[in-house]
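Since the structure comes first, as structure tokens, the remarks are kept for the end.
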2 protein chains.
Amino acid sequence: MSSAVLKSPPAKRSFREQMHQAREDAIIQAVNRLLAEKGFDAMTVDEVAAEVGIAKASLYKHFSSKEDLAAAAMVKVMLRAVAFLDNLDTSERPIDLLKAVARWTMEVQLAGEMPSLPSENSALRGALMVNTAYMDGLMQVSDRLGAWIEAAQADGSLNRNLPPIAVLYTLYARACDPVLGFLRASGTHSDSEIIDMVMTSCFEGLNAR
Amino acid sequence: MSSAVLKSPPAKRSFREQMHQAREDAIIQAVNRLLAEKGFDAMTVDEVAAEVGIAKASLYKHFSSKEDLAAAAMVKVMLRAVAFLDNLDTSERPIDLLKAVARWTMEVQLAGEMPSLPSENSALRGALMVNTAYMDGLMQVSDRLGAWIEAAQADGSLNRNLPPIAVLYTLYARACDPVLGFLRASGTHSDSEIIDMVMTSCFEGLNAR
DNA sequence: GTCTATAAATGGATAGAC
DNA sequence: GTCTATCCATTTATAGAC
């Protein structure tokens, strides 16, 4: 059990694992796209296999169920979110950090890379709840956003009429805001204009100032 | 073809039609609830039949497909929305009318009576697009909200930094805002508090004032 | 128009050869 | 680990008796 006697793994093993990882990344990318496009219920495992270009049975060697497949995609975006937070310049004002997060969230959604969860009580919800990687990421993100929310309310830049949890959920909801899709379908604005508009309605509010 | 020669229908016929209508109302109510609870893809026709208490084949005598079933439910809520608009006191300020609509929308959702559409490109979308009752209702609602939005921007009570269409879609999005469900799941607030909070974030915005 | 029974197709998951 | 072939449950939809 002493790690001192363990040699580093031979190159061949590492290479194989890299291939394995690359394959799984390709799978997850396909899942992510389909999950964003049609949601968990409408997505079929056959579609995923077809998009990746492998047999369905091969998929099941990597992931043991459809829920597992979707959960892996959710974990991936959650890790992307954590990485995004890590790269933020925390010397900025908390309110600006929160705005950056909201904007990033919407950019990911417009890029078709934000998997959409099923409406409420689904098998996927349960799979995510017991997925430690997902829950860890979620709690990490929530903790950091929560701290910025409290700081921004303390310095007077964030609306104090809202409890922090309502602000947190409002920011999370930008990840699946249908207004982005509606506006894009209307065809009258560019993606960056769309994001600006939703940012305005989210932070300025509908009331005049 | 002259209507003058047509007698009014016998009472028996009217009674039968009433029964027929009542049955269809029960069906639609069940569809509405299931659609709100699990969405179109996860809802099965078997469930609907079971909830209504009739055989599945009987369902198909009333509605020719699952899409038809869902479309009928969507039409029903659209008509409810039109009726709600009809009963508003239009002597109130436009901004207050818009707020009343937003609040009503969220109340319906929290009551579990707001059917949730599938994410994007579904068979249901197509069925709705060619459903004249639905499209008529949608346009009627949009026209009236649009007029109030322009009036509210003109009188300076509604944010002028947003194009009317963005405001309209933002109001529509309250019908499926996941924040309501998140907050309810957190269990820390009553339904009316939840609605007040989302109203605040929607109209006041996240920025402090 | 309601029922039972069933067709027809789909989708999640696995067996077993290589 | 990848494939082909298949199992089995579910689901949409219909047939046909009453």
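It should be emphasised that the depicted structure is a prediction, and the values quoted were computed from it without experimental measurement.
Annotation: side chain of A/Thr105 is not in contact with side chain of A/Leu171 (no heavy-atom distance under 4.5 Å).
Toward the 5' end of DNA chain C, the nearer of the two residues A/Ala57 and A/Phe40, judged by each one's closest nucleotide, is A/Phe40.
B/Tyr172 pairs with exactly one of B/Val101, B/Leu138, B/Val167 by the side-chain contact (heavy atoms from CB on, under 4.5 Å) rule, that one being B/Leu138. For the pairing with B/Arg33, the salt bridge (Lys or Arg N to Asp or Glu O under 4.0 Å) check across B/Glu113, B/Glu47, B/Glu51 returns one residue only, B/Glu51.
Residue A/Met43 is classed as a sugar-phosphate contact, given heavy-atom separations below 4.0 Å to backbone atoms only.
Whole-Å rounding puts the A/Ile54 CD1 to D/dT4 C1' distance at 14 Å. Rounded to whole Å, atom P of D/dA13 lies 9 Å from atom CG of B/Asp68. Between A/Asp46 atom CG and D/dT4 atom P there is a gap of 13 Å when expressed in whole angstrom units. Computed from coordinates, the B/Asp41 CG to D/dT12 P distance equals 10 Å when rounded to whole Å. The NZ atom of A/Lys61 sits 12 Å away from the C1' atom of C/dA13 (whole-angstrom rounding). Counting to the nearest Å, the C1' atom of D/dT11 and the CD atom of B/Glu47 are 11 Å from each other. Straight-line distance from the CZ atom of A/Phe63 to the P atom of C/dG12: 16 Å, rounded to whole Å. The interatomic distance linking A/Leu59 (CG) with D/dT2 (C1') rounds to 11 Å, in whole Å.
Dashed line: the shortest gap from a side-chain N or O of A/Arg23 to OP1 or OP2 of D/dT2 is under 4.0 Å. Taking side-chain N and O atoms only, A/His62 has no distance below 4.0 Å to OP1 or OP2 of D/dG1. A sub-4.0 Å separation between OP1 or OP2 of D/dC3 and a side-chain N or O of A/Ser58 is present. Between B/Tyr60 and D/dT14, a side-chain N or O to OP1/OP2 separation shorter than 4.0 Å is absent.
With hydrogens and angles left out, the side chain of A/Lys66 and the base of C/dG11 share no donor-acceptor pair within 3.5 Å.
When all heavy atoms of A/Leu206 and B/Leu158 are compared, the pair lying nearest together is O-CD1, 3.1 Å.
A cation-pi arrangement is absent between A/Lys66 and A/Tyr60, since the terminal nitrogen or guanidinium carbon is not both under 6.0 Å from the aromatic centre and inside a 45° cone about the axis.
Among the nucleotides C/dT2, D/dA15, C/dA13, the one closest to any side-chain atom of A/Lys56 is C/dA13.
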